[in-house]
Protein chains: 2
Amino acid sequence: MKNKEIQEQRMKGYFLQATKDLLKAEGLKNVNVRNIADRAGYSYATLYNYFKDINDLVFLCVYDFFEECEQHVHAHAKKQERGIKRLRASIRGYADFFVQYPGIFALFFTEDFGTFKDKSHVTEVISLSLDRVCEEEWNYCVSKGIVKADSVEQLKSQLRHATLGLLLLYINQRAGFSYTELINRLNLQTNAILSSSSIEAGPGNFTVNNSLISIKVK
Amino acid sequence: MKNKEIQEQRMKGYFLQATKDLLKAEGLKNVNVRNIADRAGYSYATLYNYFKDINDLVFLCVYDFFEECEQHVHAHAKKQERGIKRLRASIRGYADFFVQYPGIFALFFTEDFGTFKDKSHVTEVISLSLDRVCEEEWNYCVSKGIVKADSVEQLKSQLRHATLGLLLLYINQRAGFSYTELINRLNLQTNAILSSSSIEAGPGNFTVNNSLISIKVK
DNA sequence: TTATTTTCTGAACATTGTTCACGATCTTTA
DNA sequence: TAAAGATCGTGAACAATGTTCAGAAAATAA
């Protein structure tokens with residue numbers, strides 16, 4: 001009875017891996033049962049012995065992709081000194097990850113769940129993904145008194161929605177600007193949110209000349 | 001030569017109207033050539049005599065939908081007194097419009113353009129739609145000295161992205177909260193952005209008790 | 001080795017976008 | 001007005017994709 005379980009998990013893993021590879025390499029529109037099965041080395045019909053439908057398979061990838069995103073962010077952010085700087089770097093890393101893999105962005109935020117069951121788990125991972133990858137740094141900022149504990153939830157929420165909105169326009173080609181310009185706008189926007197009254201002024205955090213428009217990042 | 005033009009525009013109009021009705025009534029996933037043609041009273045093949053493909057037809061609807069959105073917003077906002085209050089009401093109206101028609105949100109922000117040509121026009125309408133429906137009120141606020149002229153672009157941008165991000169999570173069912181809660185969060189977020197240093201304090205605008213979290217709207 | 005259960009597979013069906021040849025209709029012209 | 005020609009509308013047909021199913025292949029049990 002144990003072997004059967006192991007073998008089933010192994011089979012699921014093959015399809016899952018094939019789906020992830022395909023999604024990263026060719027985007028969500030090229031993810032279909034025949035392509036997945038080809039990569040996995042089985043017939044498309046076999047897939048249905050292990051997954052209810054293609055949504056079941058595709059949305060299972062969210063967990064792995066979130067971990068990848070987390071690692072990408074941490075690898076990018078750990079070069080910065082702790083505090084607001086690292087927080088900013090985390091947000092930048094988060095955006096970079098989805099720009100690099102637009103298919104993962106589509107899966108996380110725009111793809112219809114269809115018949116996918118138990119979406120509450122996966123929606124929480126998705127909707128709080130930016131908060132999660134920044135969590136350690138938020139805690140640090142609060143513990144050091146850089147950010148007021150009262151304000152953290154409000155700041156997280158602002159950053160979450162602002163980052164998402166900007167990414168949505170850029171990744172779905174609604175914004176007419178370049179990648180460089182995206183990063184520019186992301187920085188401006190992040191600074192505007194972080195330079196609220198909830199952030200204690202401190203040397204090396206950032207310099208604001210009291211106008212929202214021209215914020216100079218040190 | 002003139003009659004032909006008129007007749008062609010009329011035919012396009014039938015398909016366009018059918019597409020809009022369908023999209024509003026049944027959402028983007030039920031918009032397909034056969035359903036559209038049924039509503040228009042023609043065969044699905046006839047559609048291809050007037051439009052290059054279905055994307056050509058569907059993205060043409062953007063212009064009309066934007067006008068509808070604009071009217072919805074104005075009808076909702078004109079009850080408020082001019083200035084920050086009406087600005088807030090406009091943002092609320094904008095969100096309401098897309099909540100009422102999730103298919104229009106999908107078309108505006110998440111649907112792939114495919115082979116759609118000349119997207120620069122339509123992307124501008126889309127990406128600046130919130131700015132446009134608020135334009136009159138921004139001008140008013142600047143002219144009355146309620147908002148610093150320097151800050152307007154930054155504020156527009158913040159509101160645009162924050163509103164979009166929040167709507168994305170709600171409409172695509174990534175957020176686990178109700179409509180009431182959405183409006184709550186939207187108001188909080190809007191107030192946080194509008195109560196920056198760029199907004200002059202004034203009687204009746206709003207009351208802030210200096211913390212980001214608990215803003216009381218008068 | 002044979003029988004039974006499990007796993008895998010292509011055929012087949014539904015849906016959707018698109019093309020195309022053909023017939024209907026309208027216009028031109030002798 | 002009637003024949004010739006142009007234009008328009010149509011279903012058949014093809015491709016791509018999701019899904020189901022009966023049966024082949026493989027693994028297991030007797």
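So you know, we letter chains A, B, ... as the sequences are listed, proteins then strands, and number each from 1. Since this is a predicted model, take the numbers as computed values, not measurements.
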Q: Checking A:Q158 now: which residues fulfil side-chain hydrogen bond (donor to acceptor under 3.5 Å, both in side chains) with it, not counting sequence neighbours?
A: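 Here no residue qualifies.
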Q: The helix from C:dT1-D:dA30 to C:dA30-D:dT1: angle between its terminal axes, five pairs each, to 10°?
A: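 It works out to 30° between the end axes.
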Q: Got a sec, which residues hit side-chain hydrogen bond (donor to acceptor under 3.5 Å, both in side chains) with A:E67, two or more places apart in sequence or on another chain?
A: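 Testing A:E67 for side-chain hydrogen bond (donor to acceptor under 3.5 Å, both in side chains), a comparison that skips the adjacent residues, returns none.
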Q: What is the 5' to 3' range of DNA chain D, first to last nucleotide, that sits under 4.0 Å from any heavy atom of chain B?
A: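 So the outermost contacting nucleotides come out as D:dC8 to D:dA13.
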Q: Among residues 26-37 of chain A, which residues get a heavy atom nearer than 4.0 Å to DNA chain D?
A: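 DNA chain D contact set from residues 26-37 of chain A: A:V31, A:N32, A:V33, A:R34.
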Q: Reading DNA chain C in the 5' to 3' direction, which nucleotide is the first one with an atom under 4.0 Å from a heavy atom of chain A, and which is the last?
A: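 Using the under 4.0 Å cut-off, the span is C:dT7 to C:dA12.
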Q: Quick one, A:F108 with A:F65, criterion ring-ring contact (aromatic ring centres under 6.0 Å, His included). Give me CA distance, side-chain angles, the key distance, then yes/no.
A: CA-CA 9 Å; A:F108 271 43; A:F65 282 144; 7.0 Å; no
Q: Mind checking A:Y42 for me? I need base, sugar-phosphate or nothing, with any heavy atom below 4.0 Å counting as a touch.
A: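 Touches sugar-phosphate only.
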Q: With sequence neighbours excluded, tell me which residues meet side chain to side chain contact (heavy atoms under 4.5 Å, CB included) with B:D64.
A: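 Applying side chain to side chain contact (heavy atoms under 4.5 Å, CB included) to B:D64 gives B:K20.
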Q: Please list residues of residues 103-117 of chain A whose heavy atoms come under 4.0 Å from any atom in DNA chain D, ordered by number; otherwise none.
A: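 By residue number: none to list.
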Q: According to side chain to side chain contact (heavy atoms under 4.5 Å, CB included), who are the partners of A:N49, at least two apart in sequence or on a separate chain?
A: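 A:N49: side chain to side chain contact (heavy atoms under 4.5 Å, CB included) contacts with A:T46.
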Q: For the pair B:R34 and B:D38, find out whether any cationic side-chain nitrogen is under 4.0 Å from an anionic carboxylate oxygen.
A: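 Result for this pair is no, no salt bridge flagged.
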Q: Kindly write out the residues that satisfy side-chain hydrogen bond (donor to acceptor under 3.5 Å, both in side chains) with A:S120, not counting sequence neighbours, or none if the list is empty.
A: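 So A:S120 forms no side-chain hydrogen bond (donor to acceptor under 3.5 Å, both in side chains) with any residue.
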Q: Does anything in residues 19-58 of chain A form a ring-ring contact (aromatic ring centres under 6.0 Å, His included)? List the pairs, not counting sequence neighbours.
A: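 Checked against ring-ring contact (aromatic ring centres under 6.0 Å, His included) - neighbours excluded - the pairs reaching residues 19-58 of chain A are A:F15-A:Y42.
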Q: Listed in order of residue number, which residues of residues 48-65 of chain B have a non-hydrogen atom at under 4.0 Å from DNA chain C?
A: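 Here the set is B:Y48, B:D53, B:I54.
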